[in-house]
Amino acid sequence: MEIPFTTRNWDNRVPAYVDLTHRLGVRICGIWGRMEADPEKTQAVQIDRVAKLDMGYLTGSPVQNIIRRNKDWETNYSEENLRKGVRNFFEKFGQYRPAVVNLGNEPHTKGEDVKIDIAAYKAVYTEIKKIDPNIFVVGTSVNLQEDHFKYGFGEWLDAYDFHIYEDAASVRKIVGEGFPEMFRKYGFAKPIWSTELGLNSQGMARQFVAAEVYRKLVNFFAAGGANACWACVVYPDPDGTMGDSFGSAHNTFDSRYSKYAPKLDAVAYYNAVNNIAIKKFVEDRMYGDSTHAFLFRDRDDQALQVWYRNKGREDVFIPLPGVGKVRVTRIDGSLRDM
């Protein structure tokens with residue numbers, strides 16, 4: 001839980017996605033789980049594979065059926081049935097830890113309707129905490145939709161969630177300004193996760209996408225973010241027909257013919273995860289109008305600097321007094337000890 005990264009995928013049931021999550025160094029793997037009042041329908045696909053690879057998991061909750069206003073949601077997902085579903089799930093899969101529950105995904109409810117969703121969040125959250133207070137609950141990804149904050153959904157979660165496919169500056173503004181403003185107005189300040197931090201990258205050079213992996217991740221943590229997920233990992237393409245599609249562009253691994261070859265952004269994600277690891281953001285500085293430097297450090301005084309420019313190239317001198325050895329990781333993944 002100290003390593004601040006999680007994965008979610010187009011389809012969390014794909015075995016290769018679980019294996020590649022492990023290879024990337026991400027320790028919390030998203031799975032498809034069902035918390036149903038009917039024990040026979042309660043499931044957690046790939047949870048055994050996740051456990052075998054010594055990872056924790058993140059799964060969804062039955063509130064998603066209410067958020068979507070699915071057929072018969074009022075009877076099938078009453079408060080009693082929501083609580084039963086939570087109990088059934090952890091009776092069946094309670095041995096797996098660490099466990100993270102994501103309450104929902106991108107609701108479209110507004111105004112007074114939000115109160116229906118919040119009542120469901122409360123039921124699931126309080127039932128989970130009865131079972132084990134250490135189970136971590138991430139709220140529904142509502143971004144900065146004010147109705148949810150106004151009606152107090154922040155009381156029934158351990159961390160907020162948001163999804164964004166825009167640039168690094170937008171990430172920094174949302175985490176560093178948008179959420180704090182909501183906390184000032186409505187209270188319930190808590191950590192901020194992003195279970196979908198990605199880029200609409202169709203037609204872009206992979207070097208630009210790989211650079212954006214670094215830019216968005218370091219700005220997310222610099223603004224105060226707690227846990228990030230770069231979306232997405234893979235979607236099977238056994239016939240090799242997806243090519244340069246919108247969906248394929250999101251994949252960090254090339255899924256054609258189910259070979260799952262790492263793209264440059266997979267290399268960047270791997271290096272970001274394994275270099276940040278348990279390091280915490282310390283400070284950042286900007287030199288001139290385009291050169292950015294970010295400093296991270298862990299409890300053993302191991303330090304990481306991430307440098308990038310918004311555009312163009314520049315040779316720079318980086319003073320490191322008292323440092324005897326530095327490992328340089330370039331954008332293509334090549335390493336050099338200096």
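All of these numbers come straight from a predicted model, not from anything done at the bench.
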Is there a side-chain contact between Pro236 and Tyr260, using heavy atoms and a 4.5 Å cut-off? yes

For Asp113 and Ile116: C-alpha separation, side-chain torsions, deciding distance, then whether side chain to side chain contact (heavy atoms under 4.5 Å, CB included) applies. CA-CA 6 Å; Asp113 275 356; Ile116 297 171; 4.2 Å; yes

Taking the side chain as everything from C-beta on, heavy atoms only, tell me whether Leu199 gets closer than 4.5 Å to Met204. yes

Salt-bridge present (Lys173, Glu166; N to O < 4.0 Å): no

Supply the atom-to-atom distance Ile66 CD1 to Ile118 CD1, rounded to the nearest 0.5 angstrom. 12.5 Å

Lys/Arg-Asp/Glu bridge criterion (N-O < 4.0 Å) met for Arg206, Asp254: no

Report yes if the distance between the aromatic ring centroids of Tyr308 and Phe294 is under 6.0 Å, otherwise no. yes

With a 4.5 Å cut-off on side-chain heavy atoms, are Met35 and Phe90 touching? yes

Are more than 12 heavy atoms, taken from residues, nucleotides or ligands other than Lys41, located less than 6.0 Å from that residue's NZ atom? no

Out of curiosity, Gln207 CD to Asp265 CG, how far, rounded to the nearest 0.5 Å? 11.5 Å

For Glu106 and Glu196 the tightest heavy-atom approach is OE2-OE1, 4.0 Å

Correct closest heavy-atom pair for Glu181 and Arg184 would be OE1-NH2, 2.9 Å

Short side-chain to backbone donor-acceptor contact, Asn88 and Glu36, under 3.5 Å: yes

Any donor-acceptor pair under 3.5 Å from Asp298 side chain to Ala303 backbone: no

Salt-bridge criterion met for Arg68 and Asp117 (N-O under 4.0 Å): no

Does any part of the side chain of Arg215, heavy atoms only, come nearer than 4.5 Å to the side chain of Val171, both counted from C-beta? no

Where the side chain of Asn81 meets the backbone of Thr75, is there a donor-acceptor pair that is under 3.5 Å apart? yes

Candidate pair Ile278 and Ile3, rule side chain to side chain contact (heavy atoms under 4.5 Å, CB included), full reasoning: CA-CA 5 Å; Ile278 63 169; Ile3 298 174; 4.1 Å; yes

Smallest heavy-atom separation, Arg8 atom then Asn105 atom, equals NH2-OD1, 3.4 Å

Does the separation of the ring centres of Phe220 and Trp230 fall below 6.0 angstrom? no

Would you say Asn251 and Ser248 are linked by a side-chain donor-acceptor pair, where the criterion is simply a distance under 3.5 Å? no

Quiz question: by atom type and distance under 3.5 Å, do the side chains of Asp48 and Tyr96 form a donor-acceptor pair? yes

Heavy-atom closest pair, residues Thr59 and Phe89: CG2-CZ, 4.0 Å

CG of Leu53 to CE of Met55, rounded to nearest 0.5 Å, is 4.5 Å

Expected output: side-chain Lys190 to main-chain Leu157 donor-acceptor under 3.5 Å: yes

Donor + acceptor pair across side chains of Thr195, His163 (<3.5 Å): yes

Quick check against the 3.5 Å criterion: does Thr6 have a side-chain atom that pairs as donor or acceptor with the backbone of Ala228? no

Please tell me if the side chains of Val100 and Met1 come closer than 4.5 Å, counting only heavy atoms from C-beta onward. yes

Any side-chain heavy atom of Arg87 sitting closer than 4.5 Å to one from Ile131? yes

So which atom in Pro107 and which in Tyr121 form the shortest heavy-atom distance, rounded to 0.1 Å? CG-OH, 4.4 Å

Restricting to non-hydrogen atoms, name the atom on Leu24 and the atom on Ala266 that form the minimum distance, rounded to 0.1 Å. CD2-O, 3.8 Å

Does any non-hydrogen side-chain atom of Asn310 lie less than 4.5 Å from one of His292? yes

Inspect the surroundings of CE in Met286 and state if more than 12 heavy atoms from other residues, nucleotides or ligands are less than 6.0 Å away. yes

N/O donor to acceptor pairs below 3.5 angstrom from side-chain atoms of residues 328-335, sequence neighbours left out:
{"from": "Asp332", "atom 1": "OD1", "to": "Ser334", "atom 2": "N", "distance (Å)": "2.9"}
{"from": "Asp332", "atom 1": "OD1", "to": "Ser334", "atom 2": "OG", "distance (Å)": "2.7"}

Is there a donor-acceptor pair closer than 3.5 Å between any side-chain N or O of Asn9 and the backbone N or O of Gly30? no

Taking the six-membered ring for Trp, are Phe149 and Tyr160 parallel (under 30°), tilted (30 to 60°) or perpendicular (over 60°)? parallel

Are the side chains of Tyr57 and Ile47 in contact, using a 4.5 Å heavy-atom criterion? yes

So OH of Tyr165 and CG of Leu197: to nearest 0.5 Å the spacing works out to 8.5 Å

Would you sort out whether Phe5 and Ile276 count as a side chain to side chain contact (heavy atoms under 4.5 Å, CB included), showing the intermediate values? CA-CA 10 Å; Phe5 294 94; Ile276 292 175; 4.0 Å; yes

